[in-house]
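Comments concern the structure below.
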Amino acid sequence: MDYILILIAAVFVNNIVLSQFLGICPFLGVSNKVSTSIGMSGAVLFVMTLATLVTYLIHQFVLVPSGLEYLRTISFILVIASLVQMVEIILKKVSPPLYQALGVFLPLITTNCAVLGGAILALGLEGGSLLKAVFFAISNSIGFALALIVFASIREQLELANIPKAMQGVPINLLVAGLLSLAFLGFAGLV
Amino acid sequence: MAEQINQKENFLKGIIKDNPVFVMLLGMCPTLGVTSSAFNGLGMGIATLFVLVMSNIVVSLIKSQIPSKVRIPAFIIIIASFVTIVEMVLEAYIPFLFEQLGIFIPLIVVNCLILGRAEAFASKNNTISSIIDGLGMGLGFTLALTILGATREILGNGSIFDFKFLSDNASTLILFILPPGAFIALAYLTVLFNKTTSSKTN
Amino acid sequence: MLKTFPKGGVHPEENKLTSSKAIKRMPVPKVVYVPIAQHIGIPAEIIVNQKDKVQKGQVVAKSGGFVSSNIHSPVAGTVTKLDMIVDTSGYKKQCIVIRTDEKDESNQEIPEFPLKKEITMEQKDILQHISDSGIVGLGGATFPSHVKLDLKNDNKVDYLIINGVECEPYLTADHRLMLEKAEEIIVGIQILMKALHINKAVIGIENNKRDAIEVLKKAAADDDRIQVAALQVKYPQGSEKQLIKAIIGREVPKGGLPMDVGVIVHNVGTIFAIYQAVQYDQPLTERVVTVTGKNLEKASNFWVKIGTPIKDLVEEVGGLPEGTRKIVNGGPMMGKAIKNTDVPVTKGTSGILVISEDEASRQEPENCIRCGKCVFVCPMGLEPHLLMNLTEKGMYERAASEDVMTCIECGSCSYVCPSHRPLLDYIRFGKSIVKKLNTAKN
Amino acid sequence: MADPIIISASPHVHSNKSTKNLMYDVLYALIPAFLVSIYVFGVSALVLTSVAVASCVLFEYVIQKYLLKTTVTVSDGSALITGILLAFNLPSNLPIWMIILGSLVAIGVAKLSFGGLGYNIFNPALVGRVFLLISFPVQMTSWPTAVENNTTLVDAVTSETTLGIIKEGLMYGDTMTTISEKLPSTIDLLLGITGGSAGEMSALALILGGIFLLARKVITWHIPITILVTMTVMTGIFWLINPEQYANPLIHLLSGGAILGAFYMATDLVTSPMTKKGMIVFAIGIGVITVVIRLFGAYPEGVSFAILIMNAFVPLINKYFKPRRFGSPIKSKIV
Amino acid sequence: MIYSVLYSAILLSSIGVVAAVVLFIVSKKFYVYENPKISEVEDVLPSANCGGCGSPGCRAFAERLVGSEDISELFCPVGGNDVMKQVADILGKEVAEKDPTVAVVRCQGGCEVRPKTTEYQGPKSCAISALIYSGETDCQFGCLGDGDCVNVCQFDAMYMDDNGLPVVITDKCTSCGACVDACPRNIIEMRPRNKRDLKVFVGCLNEDKGGIARKACNVACIGCSKCEDVCPKDAISMNNNLAYIDAELCTLCRKCVDVCPTHSIIETNFPPKKVKTPKPEEETVAVVKTEAKVESVNNETNA
Amino acid sequence: MSKKESTFLNMTITLFIITLVAGLSLGYVNDLTLEPKAKAKLERKVNALKQVLPEFNNNLVDEVTLIKSDKAKDNVEVYTAKNNDNYVGTAVVGSSEKGYSGLVKIMVGFNPDGSIQNIVVLEQKETPGLGTKMKEVKFLNQFKGKNPSQFNLKPKKDGGDVDALTGATISTRAFGEATQMAYDVYTETKPKN
Ligand SMILES: Cc1cc2nc3c(=O)[nH]c(=O)nc-3n(C[C@H](O)[C@H](O)[C@H](O)COP(=O)(O)O)c2cc1C
Ligand SMILES: Cc1cc2nc3c(=O)[nH]c(=O)nc-3n(C[C@H](O)[C@H](O)[C@H](O)COP(=O)(O)O)c2cc1C
Ligand SMILES: Cc1cc2nc3c(=O)[nH]c(=O)nc-3n(C[C@H](O)[C@H](O)[C@H](O)COP(=O)(O)O)c2cc1C
Ligand SMILES: Cc1cc2nc3c(=O)[nH]c(=O)nc-3n(C[C@H](O)[C@H](O)[C@H](O)CO)c2cc1C
Ligand code: SF4
Ligand code: SF4
Ligand code: SF4
Ligand code: SF4
Ligand code: FES
């Protein structure tokens, strides 16, 4: 039950993009096509899960025991950055097709709040455990994917609309994100 | 490089022409996430400004000592250090703001604005120019965040910098302090920004 | 339940004003303008010179390639000019101008051939004859019939479908032809069945022509290989893909031909032309044309010589009425608006429609309201609103991947759009660009 | 020739349906519900509706003419409908300025910012309503009491909506048996003698209009019927599991905005899918989300949110539920 | 307390060293060479991404430039010779100087001189109306007037004048050729820009016989061959009742301009001639002529 | 540009040095701010206590007692305030899960006579504009000086004495419940002198 609640909360109620404001840059940036947004979502899912796993371990077994919690930010970002690079290498070697699909998005992810933010948020889970943290990361990525893919499909449709000049580009995208977020407020109170 | 940089222009570009929020769309997460009031926007802006200027200084100082392959990781460490410093200082001295900004303080690390400036400007220019660039960009960011924060606070709470100008019973547009309001307010502020800047250049 | 195709289609006002008007014979025109491009494919090559005397039925332009067709002189007379004349395409095209020799007897005599039932010609001679006689599809596409009938061995064609649907509003040419030449049409079908070794034929007729259904049923009564199928009234039932689906439930694959599902479709007019060519050695030089319009005094159906200026036809029905704003070559759904009445009748002209002010003007297009009506009526399962938008925005690649090329240009989408969007205009343009891109790629 | 011959591409005839026709049909369909709302809420319902309609039309005119400088399209009647449907979704005692603000959001933000009629992704009237609901929760959740043959000018007495009573009661720990004593009778729900937004109460009047729309082929049955069936099934299951905790399906169908939403708002041509398959998926989504919000969410009523959420999915639905292309392999696979 | 400082230093530097090792391996094993000249070249290209060079965008063109042995065939019409010289400097290769060209509109059939005989209803696009017929006038060669060329010009170098004809603002024209491709009628031609933008060309494409052409349009070329006869350089050829001036051969002597009975030949930017007493029946033609001169005035102020 | 070559050694050394410097300086700053950070954390609690209690001068935060209560999941914090060793009041952290969106946590200060000195809201997740109004002075003031033994903490709608927040009866109910809980704990733990 806990896990279901985490999932619903992360996907609908506290959607990482639409209500937590994490990962807005890729959300606005890599969303002009549904196909790319699916690739991006896959990459985020992968990196976020892995990053949360590793940072959770580092936090629990290195930082906390040595009383160095204040190094959280700097060590997390270093680990995430190296991790992403490593994943890139391994992917390139092990599975070229997967690299084609996800690899291009990997560099983008290093500087993505969602990954670092998700990792930090995972530390604060109630009754936290490694499994829960990882599950939380997966749920968040699903939330990210949902928002991103829906948003991309809307953008594809808007490409064919005659949007007033002043609204074209950034403003209309922000507005769509706003209305999406408005609609998602309806899920308030589910958990 | 021998190129002479016009420092005034260098400073001003971050505020209008290359405004990080309205024009370059950098660091959108804090922009949207913390601006539920003008004060929060200002606080976040200043924190970012500090990190930006400091990392620009350090990067420009040691730029020639860094092998290019580890450039990015090196910059990230530098930035992260300053972010951690800001984090600790805020927690110690302005705990109220520390709590309000929450997770967005550590996330200054991944604010593309800072890494972007380090990479695109500070690693190529001298320290003075880098400071000015950092100040300009940082102020542009701060200004944008404060304006967005103020707009949301005025509309959503009937107050500005916590000064309430409406009576307690007056209805305000609460939506604007909620997440959708952030997107919507920024959307229309961007339109306004584009309109005013483009009419100025004409 | 009457048969019909399952998806899409519209039902415009039928307006078959002339269905009770027997086909009259137009007087032989003084001058005929015979374009050399009256069919799909390569234009024919002119083989006469200025001032040449020509016989009626003489070949004046020879088939110019594989997909091409002979063109015969509809009259006896003198070639006065080889000139550029605006034809139904709206452009000036090469024409052979022939002045009728009034003294020549063949021009006077009205040939009414008696019914001739037994088919004496050999199978391969039949096809040769069709080819020599310049027969092209009279259902509108003017595709050279001999090409269509030139079956490769590996193609198993087991059905001949005769298109007597005439789903276009206003037009009644096929209807009248079926009523008046039912027996001949049945013989024509038998000729084709003999030529192609097919032993199943179905004549598809919409249920608004019950008299024709009756007559043909009677005429086909002795030959149990030939069926008559009554179809629900729905446009574009006459389109071959929809017709095949409606009658025998087979679906021509995307980008394929009827042959791919073992079917050949021919229009009743074509069948009659084949009958004439095979039984009486008459090349295709005349056809039935419906001249109609709400304000015409004497709207009617005519046997018309190919090359007759439309002006003559209009004169025959009492001249252009006051306030005419549009003249359409063909029916209101698929016909082409023409610039003036100097345009000659060609093999593809099934009707002349004269439209007045209130019907003629298009309404201003508004924004698409995404009502989906165009999607519902598209018989090909396309999304016309999307195709139009994609073309408008220059996204031709995407239009191609959304199957723009399979549009049959039936116009149902434009007809139904409540926002008066010129969907087909754009789709047609999109098709032309995609075609260009495709040929550039190959 | 004075008037030259016209040349245009085929087809040369056109059906007699126009966008304006469609919009006005919706207008006629809403008349019965409008009359009931006046009967029940009195002049305030009239004021509410006229203010909403007038401001929607005015905003559309002013914004198009002076801000966007494009052709003005108020005559197509879509702003009119947005106005009426917005009004029907608001409590009739809402302050005038809030009505005007809602209209501004509906027309200015949700419609014209996207380019006007046909380009908007979200249902304008609902965006307006949800904007108001979230901004002014107090005013938006205190409904005037329904009084038969209402002649008062200002409704001082406010009351709860059926769904509000249920939600609050359950939160307080009551069971359905005790709560149902406070609920209006089924007949009252059908006729609309109950608290609620101006136009959403009378199920009967709304269904009447819905049938008119179906008959005029403005809408098809797919969306409304699927929504109602989905809701019935969902609420039915929960009701069977525990009738003390969950209200019965009939109450869910007849109360709140279910009927109004299903027949008039979810069917908005612009913001609903374009194929029948897509429509059914869309409608199931609305039904499920509505019930989930009603039963488990913070809001007593979820139709507006459900429609808005599914509006966002429409482009995706359109992308994956395309009509089957003629001549493509029979088993059309979802690409 | 000093321990905590120490710990933090140890922890961080060990992460740092690990990162460095990892990154070193990355940089060694997965090194992808990209010629740095590509981005250098890209920097000097105008980034208009107009496709005038034949490549899909400036970056692609830069790659092609860097990749080709001989770049004399490649040319960026927007940047012109200046840019090509810079490119050549970067690459150390030779470029061929190209005569600068400019788009000219070879039709003068405005509303007054070319009466409309039909009315077109449909999307306002030359390409679309050309699909259904030859246009609202009786000339099937001339401009359709729906402005496809104007719409595709990225540089705002064209506009439709009151006469329904497109006009090129020669100063803004970058000779990208987009309009040439867009016109379904091939009305627009790229012609050498010459000194002071002097040009002489035939402003008509009507291949109909003289009488028919003249009936459709007052300023149509009627194929009388007078210009061909008078041209001292044999620069004019007659084909299908239509004169064409070869810009390579033309020396801008303007003899042909005067002999053309229908004023089909356009001259631009020449100083005004001694005023001829206009013949009365040529009034409409005179209108067109002044029109052409307005354009030249424009250009001279900017040149 | 004089960029250094990337060799394994100098890459490693650079990163090593940078991280070393970063580690050292962060450690240093951490030491500097350690105390202020702790103080700041403390101050927040003390501030709340100061608001709800009359003047006191004992070190309340250290003297917290945790009481088990059947109404709360966790232990209830109770602070006994003394001024120069005189008992001046008690602050109790009360909570209720029945808020509109769950937990409502408040701190109630009681005078020695059992009347409420003041209340502050510590945590709540109610709907902005509705339930959140419980933080407003106007709402809180009605409790000042009231003794829950005479003042029914239920909203008027349920037969109590509390003026409910407009449109937020549920939040008011939860608030009252939390206050009631605090009062109950207070009466249990009240020093008997
Ligand atoms: C939209 C559409 C409608 C058509 N309607 C008819 C029709 O009513 N009658 C007809 O004979 N052919 C009609 N055709 C043409 C047929 O598709 C097909 O070309 C013809 O029946 C083949 O016979 P033919 O080669 O003898 O002309 C239509 C085609 C299209 C695309
Ligand atoms: C290039 C081309 C080749 C064709 N080849 C054949 C053929 O081999 N056999 C055949 O039955 N029809 C053939 N057709 C004719 C089509 O099946 C069809 O009758 C014609 O395109 C007009 O159909 P419509 O009037 O329905 O559009 C061909 C058409 C085209 C354009
Ligand atoms: C969007 C929304 C948010 C609400 N938020 C709260 C809330 O935070 N606290 C609360 O007590 N009631 C809230 N309610 C109202 C309850 O559902 C219920 O109507 C209300 O508590 C009844 O109180 P009243 O009798 O004072 O009107 C909310 C209602 C809605 C529609
Ligand atoms: C059947 C039908 C339903 C409609 N429903 C709505 C609606 O719920 N909300 C609205 O703002 N407009 C509605 N409209 C009007 C119009 O479609 C709407 O304003 C567009 O969304 C604006 O682009 C409706 C129109 C029709 C024909
Ligand atoms: S898209 Fe083509 S096939 Fe479909 S309705 Fe329109 S014209 Fe007919
Ligand atoms: S019929 Fe017209 S309005 Fe409806 S979806 Fe198609 S194009 Fe749009
Ligand atoms: S006028 Fe033509 S050639 Fe010149 S810039 Fe414009 S599109 Fe290019
Ligand atoms: S020159 Fe060509 S493209 Fe331009 S308006 Fe004329 S016909 Fe159209
Ligand atoms: S600031 Fe760029 S992803 Fe958050």
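Letters A, B, ... mirror the listed sequences (proteins, then strands); counts begin at 1.
In this structure the side chain of A:V34 reaches within 4.5 angstrom of the side chain of D:Y320, judged on heavy atoms.
For A:V13, no part lies under 4.5 angstrom from a heavy atom of chain D. Looking at D:I309, the atoms closer than 4.5 Å to chain A (heavy atoms on both sides) sit in the backbone and in the side chain alike. Looking at D:I289, only its side chain comes within 4.5 Å of chain A, counting heavy atoms on both sides. Residue D:F122 touches chain A through its side chain alone, counting heavy-atom pairs closer than 4.5 Å.
Interatomic distance, CG of D:L126 versus CG of A:L179, reported as 11.5 Å (0.5 Å rounding).
The side chain to side chain donor-acceptor pair (under 3.5 Å) check on D:K276 picks up nothing, with sequence neighbours excluded.
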Residues 183-190 of chain A side chain polar contacts: donor-acceptor under 3.5 Å, at least two apart:
none

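Of all heavy-atom pairs spanning D:F114 and A:L175, the tightest one is CE1-CD2, 3.9 Å.
Heavy-atom proximity under 4.5 angstrom to chain D picks out A:L146, A:I149, A:V150, A:S153, A:I154 from residues 139-155 of chain A. Chain D is approached within less than 4.5 Å, heavy atom to heavy atom, by A:Q157, A:L158, A:L160, A:A161, A:N162, A:I163, A:P164, A:M167 from residues 157-170 of chain A, ordered by number.
The candidate with the highest count of non-hydrogen atom pairs below 4.5 Å against chain A, out of D:N318, D:L308, D:L316, is D:L316. If you tally non-hydrogen atom pairs under 4.5 Å between each of D:F131, D:F313, D:F305 and chain A, the highest count goes to D:F305.
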